[in-house]
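In what follows, a single structure is set out as C-alpha cells and then discussed.
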Amino acid sequence: MAETGEYFHRFPQSKSVDAVRWLSAVSAFDRFVAAAVHDPDASSSAAAAAIEIHSLTLATSPLSPNIGEPSLHVRSSWPSPSRISALRSSPTPHKHVAVAAATLSGSLHVLFVDPVDGSIDSELSIADRSLHAGLVSAVDLLEGGRECITAGEDGRVNRVTIGEARLEYRRVYDSRGLVSYTAARWGSPMEFATGGLGFGVQWWDQRKPGGLVSQFRCNWRQDKATGIVHSIDIHPSRKHICMVGGSSGTIFAWDLRYQQQPILLSGVGHDGRRVSVSESEVWEVQYDGHSQSSSVTSASSAKILPVMICSEDGILAVLEQGEEPTELLVEPCAINAFDIDPQNPSDVVCSLEWETIGILMRPRESIIA
Amino acid sequence: MPGRPSDPGSEAVVPFSPEFRDPVVYPVHHGVRPPLLRVYVAWSRGSLLHLACLRQPLPEPESEDSVDEGEAGGKVVEVRLRAGEEGISEAHRRRIAYGSVPAFALLQSRKNSLMAMSRMSSSLLHGEWWQHVLEYSKNISELLGTRRLSSNMVIEDPRMVVQPSEEPTSLKAAWELMEIFYVDKQSLTWLPERLVDWSEEYDSLLTRTELTIHSKLVNMQKKLANVKVVEDDPDYWEGMSSALAVGWLDIVVKLLRFHGSYQLDQLDNRETENGLVEAVAVLVSTMPRLRPDPSSGKLGQFCKTRPDFIKAWEKWRGHLSKLERSAFWVQCSHDRTREGLQKLLKIMLGDISNITSATCHWMELLVSHLLYIRQFMVGLEGLNNLAHKCRQLKPTVHYNGLMSLLIGILEESPEVVLAECSKTFGPWMVAHGIELLTAGSDHADILLHEERYSLGGISVEELHRLVYAQILSSHPLTCQIAPTYLASCPKQGIGLLENLLYKQPIQHHQVILKNLEICRLYELDNISVNLMKIAGMYNWKHGRRGFGIYWLQLACDEVRLNRIAQQLFDCIGKSLSDDSFKQWEGLLELLGTQVGSSGGLEFLHKYRDFKRTLKQVEDGRASNAARQAAESLMQLMRSPSTPRQFWLPLLHDSVKLLNWKARPLLSVSEMNLLLNKLQDLSMGKLMLILTAAASLSALCISGRKILNVL
Amino acid sequence: MERELATLEKGAICCAWNYCGLRLAVGFVDGSISIHDSLDSGSSSSAFPSSSSKWKAHASSVLNVVWAPPECGDAIACICNDGTFSLWEETGEDTEHPTWKLCKLFESSGSRVLDLQFGVFSTSLKMVAACSDGYVKVYELLDPLEFNKWQLQAGFQNVIDSVSRFGKVSCSSASIAWNPQKGEGQRCSFVLGFSSDLPQLNSSKVWEFDEAHQRWIPVAELALPGDDSDMVHAVAWAPNIGRPFEVIAVATCKGIAMWHVVLDPESNGRLTTEKVALLPGHDGEVWQLEWDMGGMTLASTGSDGMVRLWQSNINGIWHEHASLDCSGAQS
C-alpha cells in the first residue's frame with residue numbers, strides 16, 4: 001500500500017466527515033484541522049451538522065522515534081444550521097484564520113478561528129435563500145480571506161465580500177437553473193474558474209463585462225458524452241492552467257492558451273484508450289507541492305506539475321504527466337476529500353467515508369533528495 | 001386460533017425457531033392522547049419503521065384553554081427495532097460494521113476462487129480453507145477489541161493483581177469461543193489451555209448476577225489494600241486457590257510474594273515458612289502446559305508435544321507429592337499459611353473437592369477439571385459430558401447469552417448456536433459467525449447452505465446475510481456497505497440491492513453519483529438508468545433544467561428528451577422575448593442535436609443561428625450580418641422541414657430585414673416567396689391572421705415599397 | 001427505540017410517505033394537504049420539523065393521499081370524500097422556491113373514488129382507481145413529462161365473470177396493490193379487493209393486462225370457496241427479490257391471509273394460488289398492510305391500535321414476530 005516511510009493514522013469520528021481543511025498554524029507543534037461533520041442520529045436536525053476545529057499534536061513514542069505519533073482532539077465546534085457541502089480556509093492579515101463553509105440549504109458561513117488555541121471567535125453568515133436556492137456545491141476563499149466565490153446547482157455564481165461585521169454578495173451570474181455549477185476556484189484576485197456538467201469549465205474575469213471569458217466542454221468521449229467536474233485547482237505559478245477532476249476517473253489540465261487541447265492525465269482519451277488511476281468519481285484534486293520538488297527539475301518546465309487526487313473507490317494518489325500514478329492510499333471505502341497542508345506539504349489530511357479522519361505523513365527527507 | 005402461528009401442519013425439521021414464543025410487545029411513546037383515529041405505518045430505510053399516530057378529531061370544545069401536546073393532530077415517530085448487541089454504542093457498532101467489510105469481502109473472494117479451483121481438485125478446498133477462515137476470524141476478533149496486555153508487560157501498582165482494564169465485550173468473547181471450537185484446527189490439541197486463556201480474559205462476563213473468580217479477586221484486592229498481614233486473612237488464601245484452580249498462575253505467584261514471610265525484618269524467624277511459600281510459588285510457576293506458543297508471557301513450562309508434556313507432567317506431579325509429604329510442614333507455625341499452601345498443592349494435584357470449592361461458576365469448574373484432572377480431554381462429546389456434570393455441581397439460575405452459546409457449541413447444535421447468536425448478539429454476529437460455523441462442521445455446512453423452498457429458494461446463510469444487509473441499510477451511514485453483503489447472496493442479493501438503490505433519495509448529485517458507482521460495480525445498468533431518470537425528472541421539475549437534461553441524457557431517455565424538445569418547440573413557436581431567447585438558447589445548447597428523431601431540434605438550431613444574426617442586425621452591427629441573416633431566413637423559409645407554425649414568427653422577423661436602411665437585402669423572387677408564404681397562412685387559420693394583422697400589414701407595406709423600388 | 005419526527009396539526013386524517021421516506025404528505029379534515037420535509041435530505045434521516053407547505057386542496061375532507069412514483073418527480077394524488085380526486089405536483093421555475101400546483105382534478109361521476117394506486121412500467125405510468133360502484137378505472141399517463149395528461153384505458157368491475165354487470169352496488173372501501181416488480185418483462189398486474197354489499201365483488205382478484213388483446217383480465221382469485229364473499233380491508237403485494245413465487249397478503253374480517261401466487265406460464269393464463277397462512281390479525285378491522293423492501297416482513301396496523309410485524313420462519317411458517325403498541329394506554 002503506502003510506500004515505506006509513510007505513516008497513515010486513522011481517527012474514527014462516529015459521525016460522517018464531509019470535508020477537511022488544514023488551518024494555517026502559528027506553531028509547528030500544535031496544528032489545526034477544520035472538519036465538516038454530520039451526525040444523522042442527532043436528536044434534532046439543528047444539532048446534526050457542525051464544523052469542528054481539531055488540534056493535531058505529535059508525540060514521539062518508542063514505537064516511532066523519528067515521526068511523532070499524531071493525536072487529534074476537538075478544540076471547538078460550531079453547529080451549522082444545515083449539512084456542509086463545501087469548506088475552505090485561508091489565513092487573514094489579522095490574527096485569525098478564516099473558514100468558509102457552504103451548506104446544502106444554500107447558506108454561507110465564515111468562521112474566524114484563533115490560530116493559537118483553535119477557538120472560534122466570531123462568525124458571519126448569509127443564511128436565507130437569497131444567495132443560493134438549494135445546494136451550494138463549491139466555495140473558495142481568496143488568499144487573505146477577504147473575499148470568496150460560491151457556485152451552486154441552482155446555476156448561480158456569487159462573489160462575497162467578507163467585511164468586518166457582515167458578508168455582502170454580488171451575483172456574478174445566474175443561469176436560472178440552465179447550467180449547474182459543481183466546482184469553483186480562484187485563479188487571481190480578479191479571475192476564477194468554475195466547473196459543471198459535461199466536464200464543462202468556465203473562466204471568469206471580473207474586469208470583463210459579463211465576466212465569462214472562455215469556456216470548455218469536453219468532447220473526447222463519444223458514447224455517454226459526459227461527466228461532472230468535482231474539483232478544480234489552479235497553481236499560483238501557472239494561472240493559465242486549470243487542473244480539473246471529475247467523474248469516471250477523469251483528470252485533465254485545461255490550458256487557457258490551448259483551450260481546445262486539454263491534457264488528459266487520467267480517464268478515457270480521444271482514442272477510447274483508458275489511462276486511469278481510478279474508474280470512479282475523483283472528488284478532489286490539488287497540486288502536490290511535496291512531490292513537485294522531487295520530480296520536476298525546473299519550475300519553468302512545460303510539464304504539468306504533479307497533482308494529488310482522491311476518489312470514490314478509495315484511492316489517494318499522485319499523478320504526473322507521462323508517468324504511472326503513485327498510489328499513496330488504497331482504502332476499502334471512499335476518500336471524499338483531502339487537503340495538503342500548505343505549510344508542511346508532506347502532510348495530508350483526508351476524510352474517509354467510514355466516519356474517519358485520516359492523517360497521512362510522508363517523509364520530509366524526500367524534499368532534499 | 002388467535003395468538004398462535006398458523007398452519008401447524010408441517011412439522012419443524014429444525015428446532016431453530018425461537019419464534020414460537022409470544023411476540024415481544026414494544027410500547028410506543030408518542031404522546032398522542034387516545035383514542036386514536038388511525039395508525040399509519042411505513043418502512044423507512046431498511047428495517048426502520050415510521051409510524052404516524054393520528055388523533056380522533058373530537059367535537060370541538062368551545063373553550064380554548066390549554067393547547068398542550070396531546071391536542072395536536074398526531075405525531076410521527078421513527079421506531080428502530082433491534083435484538084441483542086446490548087452494551088455496544090451505536091457508533092461502536094458502526095465501526096465494527098465498517099471494519100468487518102474488508103475481512104468478509106476477502107474471505108468471499110477467496111471462497112469463490114477456491115470454488116473455481118476445486119472443480120479441478122476437490123481435496124484442495126478443505127485442506128486450506130480453515131486457514132483462510134482463521135485469518136478472517138483473527139481480523140474480526142482484532143476489530144472487536146484489543147487483548148489485554150499481559151501483566152508483566154506494564155509497569156504497575158505492585159499491589160495490583162487484577163487489571164482494572166477496559167471491560168471486555170461479550171461479543172468478542174462469543175467470537176473467540178466460536179473461533180476456538182470451529183475454526184482453529186490446531187487449537188483442538190490444546191483446547192484446555194485455550195479455554196484457560198479464554199476464561200482468564202472473559203471470566204467477568206460469565207455471569208452478571210452471581211459470583212465469579214474475577215469478581216472475587218477484585219473484591220479481595222480492594223480489601224488487601226487495607227490489610228497489613230495478608231496471610232492472616234482467609235480471603236487471601238481463598239482468592240489464591242481460586243486463581244490457581246483456573247490456572248491464572250501469574251496472579252497466584254504474585255499473591256504468594258505478598259506473604260509476610262518475604263518481608264526483610266521477618267525473613268529470619270520465618271525461614272521455613274518462607275521456604276514453603278517459595279517452594280509452592282516455584283511449583284506453580286513451573287507447571288507444565290501443553291501449548292504451542294511459549295511467547296505468551298505466561299508462567300509455566302511449555303511443552304509443544306504431547307510426549308514432552310506427559311514426561312514433564314509426571315515429573316512435576318512427583319515434585320508436588322514430594323512437597324506434600326515433606327516434613328517441613330510440621331515446622332510451619334503459621335496455621336493459615338500451612339493450610340492455605342496445602343490447599344494449593346491439593347488443587348494442583350487435582351483434588352476434586354478442593355477444586356470444586358475453589359471455583360464459583362460451572363465454567364470455571366470445567367476449566368479447572370481440564371487443567372488438573374482431564375488434561376488430555378479430546379472430542380466435544382466428552383467435554384460436553386464434563387460440562388454437564390459441572391453445571392450440576394454449580395447450578396446457575398440464569399444462563400446468559402454467552403453461556404447459552406457455549407452450551408450450544410458443546411452440544412454440537414448449530415441451530416442453537418445460530419439462535420443464540422441472533423438473539424444475544426444480533427444480525428452482525430450471525431452474518432459473520434456463520435463463516436466460522438460452516439468451516440467447523442459438515443453438518444452445519446449442509447444445514448446452512450441447503451436451499452429451502454420455504455425461504456423462497458435461498459439458504460439459511462443467505463437469509464441471514466439479507467437480514468444483516470437490511471439492518472445496515474437502516475442507517476444512512478452504513479447503507480453503503482450493504483452491497484458487499486448482498487453481492488455475496490447468490491439468489492436474492494441483487495434483487496434486494498435493486499430495491500435498496502431504488503429507495504435512495506436523489507436530491508443531491510454526490511449522493512446520486514455514489515449510488516451510480518454501486519450500480520457500476522455490480523453491473524446494474526437497469527437500475528442506474530432508472531436512478532438517472534428519477535434524478536432527471538426531479539431536477540427538471542424543480543427548476544434545475546440543465547441538470548435535469550443532463551441526467552436524462554445519461555439515461556438515454558429518448559422519450560422524455562423528445563418531449564422536452566417538443567415543449568421547447570411549442571414554446572418558441574408561440575412567442576419569443578429577448579429574455580426567453582437566452583433561456584431557450586441555453587436549453588437548446590444542452591439538448592444538442594442528437595436528441596429528437598423528428599429533426600425538430602436541427603431546425604431549432606438553424607433557427608437559433610438566424611435569431612443570433614438577427615440580433616446583431618438589431619444591434620446595428622455590420623451589414624454582412626444583415627446579409628447573412630437574410631440568407632438564413634431564406635434558407636429557413638425554403639426548407640420543407642420548417643414547421644408551419646414558425647412561418648409567422650419568421651415573417652415577422654423578416655420585416656426587420658426589409659426595413660434595413662443601407663440596401664435591399666432580398667431579391668424579388670425572395671420577396672415573392674415570403675408573400676406566398678403569407679398568402680398560404682392567410683388561407684389557413686383566420687385567427688392567426690387576425691392576431692398577426694399588424695406584422696402582416698407591415699410586411700405588405702415594406703414588400704410593396706421594395707417592389708416599387710425595383 | 002423511538003424518536004419523534006414531527007407533530008401533525010389538528011385535523012390530520014390521513015398520511016403517506018414518499019418512496020424514500022423523507023417526505024410526508026398529510027391530509028386534513030378541512031380538505032387541505034400539508035407536506036413535511038426532512039431537512040438535509042441528502043443522506044440523513046433527520047426529522048420532519050414542520051410542514052414546508054400547506055394548501056387547501058378540496059372543499060371537504062381528504063380521504064387519502066398517495067404519492068406518485070419518483071419517475072414523475074414529486075407528485076401526489078389526493079382523494080376527497082366528495083368523490084373527486086386531484087393530482088398535485090411540486091415544481092419550481094428558475095430554481096425559485098418550489099411550490100405545489102394542481103395538475104388535474106378528476107370530477108366525480110356518480111360514484112366515489114375509494115382507493116388509488118400508481119404503477120410504474122418501463123414504457124408508461126398507470127393509475128388505477130377503485131370506485132364505490134365496484135368499478136375499477138385504469139388510467140395511463142400520456143406524457144411522461146407532464147402529470148396532467150391522463151387517458152382512461154379501461155373500466156371494469158372486480159368480478160371474475162367479466163360478462164355480468166352489477167348495478168346498485170355500494171362499496172365502503174377498497175384496497176389496491178400493484179405488483180411492485182420493476183424492470184424488463186414484468187407483467188403489468190395488480191390485486192384488488194372491496195368491502196361492499198355485493199359478495200362477488202369483494203374477494204381479492206389479481207388483474208393482468210393482456211398486451212395482445214389490450215384488455216385487463218382476472219387471472220386469480222385470492223379466496224377459498226367459503227371465504228369468497230368476505231369483505232377485504234387491505235391487500236399488499238410483497239416485493240419479490242428472487243423467490244420463485246409471489247406473496248400477497250390479504251386482510252379480511254377473518255384475519256390476514258398469506259397467499260403464494262405462482263406465475264406459471266403453462267397454466268393458460270390463470271395463476272396457481274395457495275393460501276399458506278391465516279394470521280389472527282387485529283381483532284377487528286385491519287387498516288393497513290405494508291411490506292418491507294425485501295418482502296420478508298409484513299407490517300400491519302388495525303383497530304386495536306397495534307402495529308404487528310409478521311415473518312415467516314425458516315420452515316415457511318408465518319408468525320407474529322413483534323408488535324408495537326400505539327394504543328396510547330401507556331402514555
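Keep in mind it's a predicted model, so treat the numbers as computed, not measured. First the proteins, then the strands, lettered A, B, ... as listed; each starts at 1. When reading the values below, keep in mind they use all heavy atoms of this one structure, side chains included, and skip hydrogens, waters and symmetry mates.
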- Message: I'd like to know if the side chain of B/H30 pairs up with that of C/E4 as donor and acceptor (distance under 3.5 Å, no hydrogens or angles considered).
- Response: no
- Message: At a heavy-atom distance under 4.5 Å, which candidate from C/G295, C/G73, C/C15, C/A12 has the highest pair count against chain B?
- Response: C/C15
- Task: Look only at the side chain of C/T301 and the backbone of B/V41, and say whether a donor-acceptor pair between them is shorter than 3.5 Å.
- Result: no
- Distance col, row C/D292:CG vs B/L48:CG, nearest 0.5 angstrom, shows 12.0 Å
- Rounded to the nearest 0.5 angstrom, the CD1-OG distance for C/I314 and B/S454 is 7.5 Å
- Query: Where on B/L49 is there a heavy atom nearer than 4.5 Å to chain C: the side chain, the backbone, both, or neither?
  - Reply: side chain
- Whatever's closer than 4.5 Å to a heavy atom in chain B on C/M306 counts as side chain
- Task: Assess whether side chain to side chain contact (heavy atoms under 4.5 Å, CB included) is satisfied between B/W43 and C/M293, documenting all intermediate values.
- Result: CA-CA 8 Å; B/W43 294 93; C/M293 65 171 175; over 6 Å; no
- Query: Are any of the side-chain heavy atoms of B/R563 and C/P144 separated by less than 4.5 Å?
  - Reply: yes
- When only pairs under 4.5 Å are counted, which of C/N18, C/T297, C/V247, C/N240 shares the most heavy-atom pairs with chain B? C/T297
- Query: What's the spacing between C/L22 CG and B/S44 OG if we round to 0.5 Å?
  - Reply: 7.0 Å
- Task: With a 4.5 angstrom heavy-atom cut-off, could you sort out which part of C/W291 is near chain B: side chain, backbone, both or neither?
- Result: backbone
- Item | Segment of B/L496 engaging chain C (4.5 angstrom heavy-atom cut-off) | both
- Item | side chain to side chain contact (heavy atoms under 4.5 Å, CB included) between C/S327 and B/L36, worked out | CA-CA 7 Å; C/S327 61; B/L36 292 185; 5.8 Å; no
- Do C/E71 and B/M537 come within less than 4.5 Å of each other through their side chains, counting heavy atoms only? no
- Query: So which heavy atom on C/C14 is nearest to which on B/L54, and how close?
  - Reply: N-CD1, 3.5 Å
- For C/W287 and B/V39, run side chain to side chain contact (heavy atoms under 4.5 Å, CB included): C-alpha distance rounded to whole Å, both residues' side-chain angles, the deciding distance at 0.1 Å, then the answer. CA-CA 8 Å; C/W287 287 331; B/V39 178; 4.0 Å; yes
- Item | Under 4.5 Å from a heavy atom of chain B, the part of C/S303 involved | neither
- Message: Among C/P70, C/P180, C/C20, which residue satisfies the side-chain contact (heavy atoms from CB on, under 4.5 Å) criterion with B/Y502?
- Response: C/P70
- With a 4.5 Å limit on heavy-atom distance, are the side chains of C/D74 and B/Y538 in contact? yes
- With side chain to side chain contact (heavy atoms under 4.5 Å, CB included) as the test, would you mind laying out the steps for B/V28 and C/D325 before giving the verdict? CA-CA 6 Å; B/V28 176; C/D325 185 356; over 6 Å; no
- Would you indicate whether the side-chain heavy atoms of C/T91 and B/H542 approach each other to under 4.5 Å? no
- For B/I494, is it the side chain, the backbone, both, or neither that has a heavy atom closer than 4.5 Å to a heavy atom of chain C? neither
- How far does CG of C/L24 sit from OH of B/Y40, to the nearest 0.5 angstrom? 11.0 Å
- Query: Measuring from C/I241:CD1 to B/L486:CG, what's the distance to the nearest 0.5 Å?
  - Reply: 8.0 Å
- Against chain B, label C/L309 side chain, backbone, both or neither, depending on which of its atoms sit under 4.5 Å from a heavy atom there. side chain
- How about C/T7 and B/K75: does a side-chain donor come under 3.5 Å of a side-chain acceptor? yes
- Heavy-atom distance under 4.5 Å to chain C: side chain of B/I564, backbone, both or neither? both
- Query: Side chains of B/K541 and C/E90: does their closest heavy-atom pair fall under 4.5 Å?
  - Reply: no
- Query: Would you say C/W17 and B/H50 make side-chain contact, with heavy atoms under 4.5 Å?
  - Reply: yes
- Message: Is C/E89 close to chain B through its backbone or its side chain, or both, or neither, when contacts mean heavy atoms under 4.5 Å?
- Response: side chain
- Message: Does the plane of the ring in C/F245 sit parallel, tilted or perpendicular to the ring in B/Y453? Use 30° and 60° as the thresholds.
- Response: tilted
- Note on the structure: Minimal heavy-atom distance between C/Y19 and B/P505, with the atoms involved, is OH-CA, 3.8 Å
- Validation row: B/V77, C/R3 side chains within 4.5 angstrom (heavy atoms): no
- Query: How far apart are the closest heavy atoms of B/N499 and C/P239, and which atoms are they?
  - Reply: ND2-CB, 3.7 Å
- Under 4.5 Å from a heavy atom of chain C, the part of B/I506 involved: both
- Shortest non-hydrogen pair, C/P244 vs B/G456, comes out as CD-O, 3.4 Å
- Test item: C/M296 and B/L463 side chains (from C-beta on) under 4.5 Å apart, heavy atoms: yes
- So which part of C/C72 gets closer than 4.5 Å to some heavy atom of chain B, the side chain, the backbone, both or neither? backbone
- chain C contact via B/S473 - side chain, backbone, both or neither, heavy atoms under 4.5 Å: side chain
